[in-house]
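See below for the structure under consideration.
All chains are named by letter (A, B, ...) in the order of the sequence lines, taking the proteins before the strands, and each is independently numbered beginning at 1. Predicted model only: the values in this text are computed from it and were never measured.
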2 protein chains.
Amino acid sequence: MSTPASRRRPATIHDVAREAGVSRGTVSRVLNGGHYVSPTAKAAVDAAIRRTGYVVNRHARSLITGKSDSVAFLLTEPQERFFEDPNFNVLLRACTQALAAQDIPLLLMIAGTEDERRRNLRYIEAGHVDGVLLVSSHSGDPVVARLHEAGVPVVACGKPLGQTAKIGYVAADDRDGARDMVRHLYATGRRRIATVTGPLDTPGGVERLAGYRETLAEHGLPVDELLVATGDYSRASGEDAARVLLERAPDIDAVFVASDLMAQGVLDAFASAGRRVPEDIAVGGFDDSPAAVSSRPPLTTIRQPWERISTEMVRTLLARIAGEDPAAVILPTELVRRESA
Amino acid sequence: MSTPASRRRPATIHDVAREAGVSRGTVSRVLNGGHYVSPTAKAAVDAAIRRTGYVVNRHARSLITGKSDSVAFLLTEPQERFFEDPNFNVLLRACTQALAAQDIPLLLMIAGTEDERRRNLRYIEAGHVDGVLLVSSHSGDPVVARLHEAGVPVVACGKPLGQTAKIGYVAADDRDGARDMVRHLYATGRRRIATVTGPLDTPGGVERLAGYRETLAEHGLPVDELLVATGDYSRASGEDAARVLLERAPDIDAVFVASDLMAQGVLDAFASAGRRVPEDIAVGGFDDSPAAVSSRPPLTTIRQPWERISTEMVRTLLARIAGEDPAAVILPTELVRRESA
DNA sequence: TTCTCTACTGTGAACGCTCACAGATGCATG
DNA sequence: CATGCATCTGTGAGCGTTCACAGTAGAGAA
């Protein structure tokens, strides 16, 4: 602004030092916390920085510190989930913003193919990022082990299944959320409660099913395996599962579905089968995604605190980078009542 | 793999040189295209790289070349659009992958608030990225001008409106797509064709409306302003617009809606008004988003080639970084027939 | 006074790479 | 047999930072 012709070479720490009448070292100290710097020197440096428009060269800094001051967001999900699931958007946005607040850029990495996986791992293992926010719910994902082995700080979204490696993660309390929903269905008078689960190699799949079973047992209801159908979180799989349930147990009066997207499919299936929701059958979802409000009827569902999950992931990762031990953070869910149950 | 204990210090170009029995310079040349290197030297270096597990230190390289070998994906849309619009996902994913193929990491930046905007601009203007993939359709977005002024290579998604700065962009042929849809409606016998436009400060808003008007004129139909309602791309705005249209012109037999999301809202409104689609009123959407197949009835719509848009954006940006002049790339759209029209 | 301690400041020396340049080699040409 | 040219190779310098270290000054204690 003040010096419009400063397009040429960007100012270096040297320029600032000369401008402020101090040495590089002093400027560097001001830049990194300002300890052991006299007030006058600090003021002079600050002014010089403002005058020169100096911005630190992160490459030079990284070269010597060995840190990159950047973090990777690594997605190893199959791509369809990334598209269909609106939660990823929230997660990604909130992580980006939480990091931006600390001036840490987020590198987006997608490891769909084997080639991409190799490439990204190579990049990460070379130390080009300080840590990894990992979104992967495959049971036994080799990426998790590789990263852990390479000593890269990692925080996963959701509990990594089938991992011997001790790894930090942040997750919603799936089991408790499922319990809340099934209790709600019970409380509204339903007694033949079925469920559509997620894939059983994902934490959301197993935990929500466990919560369902526990709550039935808690109320003395029989846990009938005919009432359990498995989906893959897609809308179509929900539709299929609902048809299966209707055939196996036509007398069901409620279904707890492990995701809103599948619940939409369930609603479709019930509509074509002539069953009214919630009059004939109550439907409970999970996620509180946009799909929940746009479906007919709007879904009663379990809200996952994605914003908080994101900020906790970032906080935990930064702590891990700073040397803390890995930790698991479990966040509470919340029942959202709408019309479907 | 071969040397398991190589956790200590990562190999440098020096280690590779020693291992291969050549000088740093030769290794560097192999790394950067391999010109002016004898086959034997190249083979020795390749072998040494494999043996040492060497990966180039990008910070050191960037320090001297002045390039970062990274690119920013900058989103200056209001956040709701980012969430609601599934196109962003496709765009983001495809850009990430197209860049990954060239080993260029993508930095995700979101400039929602004024503070974020300042922060991101500072980062970009400091030369920390080589170029910017810009997603912003605000008319007269100040970010566009700032980036252009700073001499940062930029490629926008969609034509930047109200910009004096000559800036490269990639866009679908909105106008032609709109023409295709309205021609299709006409061809199926509709004569009272209304439209729901997007915001008129976005290229999609103005261009699709223009295509609509042109096609009506082309067929000698009157261009009745009562048949034009404006939305903001959200589902709710589509619902509102449909109600307005129904009130102003109850005799309409078709609506061209400028986005699938709004078209969903239109379908909702028609359903509650007791109008059957497509029997009473045909509805045409735009985007071919996931919403198009999941709505009832499935939407006849215009497919935007998001994958190609992404790869073209990346290609164009890379060319721009390499010194080429900015260019505009317009890609064809495609009519997708389903049941709503 | 002299010594010690604290607060502050400046000065090489790296970090790992690329680039310009100088030197060496081999082969064809005059 | 010298010269030119193209191909290949090694060397030193330097990119912009941080860090360890040495050094200065001033205050208080012995």
Side-chain angles (χ1 to χ4, degrees), chain A residues 6 8-46 48-49 52-70 103 122-123 125-130, chain B residues 6 8-46 48-49 52-70 103 122-123 125-130:
Chain A
S6 61
R8 285 304 74 196
R9 224 166 35 97
T12 72
I13 202 174
H14 228 115
D15 301 327
V16 176
R18 190 165 9 83
E19 183 82 14
V22 298
S23 71
R24 287 168 8 248
T26 300
V27 178
S28 179
R29 276 183 288 265
V30 171
L31 256 32
N32 298 284
H35 291 301
Y36 285 86
V37 177
S38 67
T40 48
K42 175 156 166 45
V45 170
D46 284 339
I49 288 177
T52 54
Y54 169 79
V55 181
V56 66
N57 181 324
R58 298 170 89 112
H59 300 307
R61 171 182 287 177
S62 293
L63 180 56
I64 188 156
T65 59
K67 324 213 65 200
S68 72
D69 288 320
S70 68
D103 253 306
R122 216 173 64 109
Y123 190 92
E125 287 174 346
H128 292 330
V129 293
D130 294 343
Chain B
S6 62
R8 286 302 75 199
R9 225 166 35 96
T12 75
I13 202 174
H14 227 115
D15 301 326
V16 175
R18 191 165 8 82
E19 183 82 13
V22 298
S23 72
R24 286 168 9 246
T26 300
V27 177
S28 179
R29 275 183 288 265
V30 170
L31 256 33
N32 299 285
H35 291 300
Y36 285 87
V37 178
S38 67
T40 47
K42 176 158 166 42
V45 169
D46 283 339
I49 288 176
T52 54
Y54 170 77
V55 181
V56 66
N57 182 323
R58 298 170 89 113
H59 300 307
R61 172 182 285 176
S62 294
L63 180 56
I64 187 155
T65 61
K67 325 212 65 198
S68 72
D69 287 319
S70 68
D103 254 307
R122 217 174 63 112
Y123 191 92
E125 287 174 345
H128 293 329
V129 293
D130 294 343

Does anything in residues 36-45 of chain B reach DNA chain D, meaning a heavy atom under 4.0 Å, and if so which residues?
Tyr36(B), Val37(B), Ser38(B), Ala41(B)
Taken in chain and number order and not counting sequence neighbours, the residues that satisfy salt bridge (charged side-chain N to carboxylate O under 4.0 Å, His left out) with Asp130(A) are none
All heavy atoms of Ala17(A) vs all of Ser23(A), minimum pair found to be CB-C, 3.7 Å
So which protein N/O to nucleotides 22-24 of chain D N/O distances come out below 3.5 Å?
none

Strictly distance-based, threshold 3.5 Å: is any side-chain N or O of Thr52(A) a donor or acceptor partner for the main-chain N or O of Ala48(A)?
yes
Side-chain heavy atoms of Val30(A) within contact of His35(A), under 4.5 Å:
no
Is any side-chain nitrogen or oxygen of Ser23(B) closer than 4.0 Å to OP1 or OP2 of dG10(D)?
yes
Checking Arg122(B) now: which residues fulfil side chain to side chain donor-acceptor pair (under 3.5 Å) with it, not counting sequence neighbours?
none
Results of side chain to side chain donor-acceptor pair (under 3.5 Å) for Ser70(B) - residues two or more places apart only:
Ser68(B)
For Thr65(B), the side chain to side chain donor-acceptor pair (under 3.5 Å) test, sequence neighbours excluded, returns none
Residues which pass side chain to side chain contact (heavy atoms under 4.5 Å, CB included) with Ala60(A), listed by chain and number, not counting sequence neighbours
Asn57(A), Leu63(B)
Tell me: NE2 of His35(A) to P of dA20(D), nearest whole Å?
16 Å
Taking Asn32(B) for the side chain and Arg29(B) for the main chain, is one N or O donor matched with an acceptor at less than 3.5 Å?
no
Taking only residues two or more places apart in sequence, or in another chain, which ones meet Tyr54(A) in a ring-ring contact (aromatic ring centres under 6.0 Å, His included)?
none
Ser28(B) side chain to Arg24(B) main-chain N or O, any donor-acceptor pair under 3.5 Å?
no
Once you round it to whole Å, what is the distance between P of dC15(D) and CD1 of Ile13(A)?
14 Å
Side chain to side chain donor-acceptor pair (under 3.5 Å) against Asp46(B), all qualifying residues, sequence neighbours excluded
Lys42(B)
Given side-chain contact (heavy atoms from CB on, under 4.5 Å), test Val55(A) with Tyr123(B) step by step and report yes or no.
CA-CA 8 Å; Val55(A) 181; Tyr123(B) 191 92; over 6 Å; no
Which parts of residues 24-32 of chain B get close to DNA chain C, meaning a heavy atom less than 4.0 angstrom away?
Arg24(B), Ser28(B), Asn32(B)
Quickly work out the His14(B) NE2 to dG12(D) C1' distance and round it to whole Å.
12 Å
For DNA chain C, the residues among residues 59-69 of chain A that have a non-hydrogen atom under 4.0 Å from it
Leu63(A), Ile64(A)
What is the 5' to 3' range of DNA chain C, first to last nucleotide, that sits under 4.0 Å from any heavy atom of chain A?
dC8(C) to dG16(C)
